[in-house]
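Labels below follow one simple rule: chain letters A, B, ... track the order of the sequence lines, proteins then strands, and each chain is numbered from 1.
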2 protein chains.
Amino acid sequence: MNETQSEAAPQKATVTQRAIERIKAMIAEGRLEPGQRLPTERDLAAQLGMSRSSMREAIRALTVLGVLEARHGSGIYVTQLEAGDLLETFGVVADLSRGPRLVELLEVRRILESTATALAAARITEDQLAEVEKHLTAMNGTDDPEEIIAHDLAFHREIAAAAGNETMAAILEGLSSRTFRARVWRGYQEEGAFARTRREHAAIHRALLAHDPEAARAAAAAHVGEVEQWLRTQLSE
Amino acid sequence: MNETQSEAAPQKATVTQRAIERIKAMIAEGRLEPGQRLPTERDLAAQLGMSRSSMREAIRALTVLGVLEARHGSGIYVTQLEAGDLLETFGVVADLSRGPRLVELLEVRRILESTATALAAARITEDQLAEVEKHLTAMNGTDDPEEIIAHDLAFHREIAAAAGNETMAAILEGLSSRTFRARVWRGYQEEGAFARTRREHAAIHRALLAHDPEAARAAAAAHVGEVEQWLRTQLSE
DNA sequence: TGGACGTAGTGGTCCGACCACCTGGCTGGT
DNA sequence: ACCAGCCAGGTGGTCGGACCACTACGTCCA
């Protein structure tokens, strides 16, 4: 339709790449709202003058990025574009990182997690606090490593949610993806670090209960910092 | 080849999704090293028992995620899997976010940027400091908004690099993507905020020069916080 | 010896067909 | 008049094949 004001470099090498940019632009400009349904693959391909195959690759890419959602038999829709949708790919980074980068990721997590926990201490409600405690006791009441990790994840997730910044919570979620944590914890727990983890979690909970942001920040930073230091020494061997 | 130990839930709905998981797994398990070349699309499709079309969609998705790199006429290669490669998609989040989420993103940036600047104050070398100063003076010596934004970006990028955490630098890079910053600054600068920005940048530079982490942290937090507050009031209207 | 050429092989694009699934309307009964 | 069930059209998902654009590398000629 409006091919008038084409950008400086519209020829993004491949046809598919161009399609990705075009669709992204439509969303950025507000021509496509969250939740809205797109034309069919066949129509979209025709509109941009390309084959359905190339258009499908573009759609698939945007689907993986969490921008679009394809429902078999129904159509293609724009996601709600919430932090969780778009930052899901963040988990891929954690899963594929190793060595020194794992330490860097933990460093980022330490910074964000300590701040999030501090914010949570100031803002957390009674209901949210109860939820946190639920996972805390559940974590201490089992020996199954899988279950412990699951409750540990939920423990920190509830805290991040209570901080009131969905974007931050989504990033932390990615930095704590299941496979990422499982890899690190395998060795960490072998050194009898479980008792220490319990103490650290208790300290965090205490700070939340007292609505003490500074104590919460310190406790969370120490908690993540412990794992970080352990991993650092592991790598230097 | 080894179809023996198939995972618990290998049927990820679509064939393409399965291919994505398989390739990701190969990399995570170390069967594919960074920089290594993959089999051809045709061979890969045959190995996983699917059509080339479906395999291409999987490859395209991983390409967009920064995990793979396709070179026309040559082959498909695993990227170096560095922070910059994988976190490039982070910019998409910033570009497609608006309203309250923009404030959340700035909040995350404030937290990370202040810490990064503090780290930089402690670690920055003479050469890096000279580079920072170069962009600082260049920024103050022009009236072209485009150029100002470019040097502002470079200013913060150099600082993030001096902090010594590539992952953090890559995230901050995404949080400061060109389009993101351009959108916010358009209105911000109209209110004569340029003089204030200059002062804040000077304060950051002074802290770096003095190798004073705490001063650097405060200056950076205030700098980002100003924009954050401005955006917050904009939204409440 | 070295550069130009050519060729085999790779990713990029397109097409057409068919399958799997969802949706909404129609049909038939109550 | 109502509702349950069926059914057909439309949609995304998959497939196979063909051709193009480009690269890499070996070959041949000057």
| said: How long is the straight-line distance from CG of Leu129(A) back to CD1 of Ile124(A), given to the nearest 0.5 Å? | reply: 4.5 Å
| Which whole-number value in Å describes the distance from Leu44(A) CG to dC14(C) C1'? | 17 Å
| field | Pairs meeting criterion salt bridge (charged side-chain N to carboxylate O under 4.0 Å, His left out) with involvement of residues 48-68 of chain B, two or more places apart | value | Arg56(A)-Glu57(B), Glu57(A)-Arg56(B), Glu57(A)-Arg60(B), Arg60(A)-Glu57(B), Glu41(B)-Arg52(B), Glu41(B)-Arg56(B)
| remark: From CD of Gln17(A) across to P of dG12(C) the rounded distance in Å is 11 Å
| said: Reading DNA chain D from 5' onward, which residue's closest nucleotide shows up sooner: Ser74(B) or Ala70(A)? | reply: Ala70(A)
| request: Can you run down the salt bridge (charged side-chain N to carboxylate O under 4.0 Å, His left out) pairs that involve residues 146-156 of chain A, sequence neighbours left out, and say none if there aren't any? | output: Asp152(A)-Arg181(A)
| said: Filter on salt bridge (charged side-chain N to carboxylate O under 4.0 Å, His left out), then keep only pairs touching residues 76-85 of chain B, sequence neighbours left out; what's left? | reply: none
| query | For residues 66-95 of chain A, which residue pairs qualify under ring-ring contact (aromatic ring centres under 6.0 Å, His included), counting only residues two or more places apart or in two chains? | reply | Phe90(A)-Phe90(B)
| request: Identify, residue by residue, the members of residues 55-68 of chain B with a heavy atom below 4.0 Å from DNA chain C, and return them in order of residue number, or none. | output: Arg56(B), Arg60(B)
| Can you give one letter per nucleotide of nucleotides 3-8 of chain C, 5' to 3': B if a protein heavy atom sits under 4.0 Å from the base, S if only from the sugar-phosphate, - if neither? | ------
| Thr14(B) has a side chain; which of dG11(C), dG13(D), dT23(C) sits nearest to it? | dG13(D)
| message | For dG12(C) and Thr16(A) - does any side-chain N or O of the residue sit under 4.0 Å from the phosphate oxygens OP1/OP2? | response | no
| query | In whole angstroms, how far is the P atom of dT14(D) from the CD atom of Glu41(A)? | reply | 10 Å
| said: How long is the straight-line distance from CG of Asn165(B) back to CD of Glu104(A), given to the nearest 0.5 Å? | reply: 4.0 Å
| Any residue meeting ring-ring contact (aromatic ring centres under 6.0 Å, His included) with His135(B), in chain and number order, not counting sequence neighbours | His151(B)
| message | Let me confirm one number: the OG1-NE2 distance from Thr117(A) to His223(A), rounded to the nearest 0.5 Å. | response | 9.0 Å
| remark: Whole-Å distance, Leu48(B) CG to dT14(D) P, equals 13 Å
| Rounded interatomic separation in angstrom, taking OH from Tyr77(B) and P from dT10(C) | 11 Å
| note | So the salt bridge (charged side-chain N to carboxylate O under 4.0 Å, His left out) pairs with at least one residue in residues 65-75 of chain B (sequence neighbours excluded) are Glu69(B)-Arg71(B)
| Partner residues of Phe155(B) under the ring-ring contact (aromatic ring centres under 6.0 Å, His included) criterion, sequence neighbours left out | His201(B)
| Whole-Å distance between dT11(D) P and Leu38(A) CG? | 13 Å
| Length of the line joining Arg37(A):CZ and dT23(C):P, which is rounded to integer Å | 10 Å
| said: Please report the interatomic distance CG(Leu172(B)) to CZ(Arg157(B)), rounded to the nearest 0.5 Å. | reply: 11.0 Å
| field | Secondary-structure notation, DNA chain C, from Watson-Crick and G-U pairs under 3.5 angstrom (| other strand) | value | ||||||||||||||||||||||||||||||
| remark: note: Glu69(B), atom CD; dG11(C), atom C1'; distance rounded to Å ~ 13 Å
| Ala45(B): partners by side-chain contact (heavy atoms from CB on, under 4.5 Å), with sequence neighbours left out | Met50(B), Met55(B)
| field | Salt-bridge criterion met for Glu131(A) and Lys134(A) (N-O under 4.0 Å) | value | yes
| Atom CD1 in Ile171(B), atom CD in Glu166(B): separation rounded to 0.5 Å? | 12.0 Å
Scan nucleotides 15-21 of chain D against the protein and return all N/O pairs shorter than 3.5 Å with their distances rounded to 0.1 Å.
from	atom 1	to	atom 2	distance (Å)
dC15(D)	OP2	Ser51(B)	N	3.1
dC15(D)	OP2	Ser51(B)	OG	3.4
dC15(D)	OP2	Ser54(B)	OG	3.1
dG16(D)	O6	Ser53(B)	OG	3.3
dA18(D)	N6	Arg52(B)	NH1	3.4
dA21(D)	N3	His72(B)	NE2	2.9

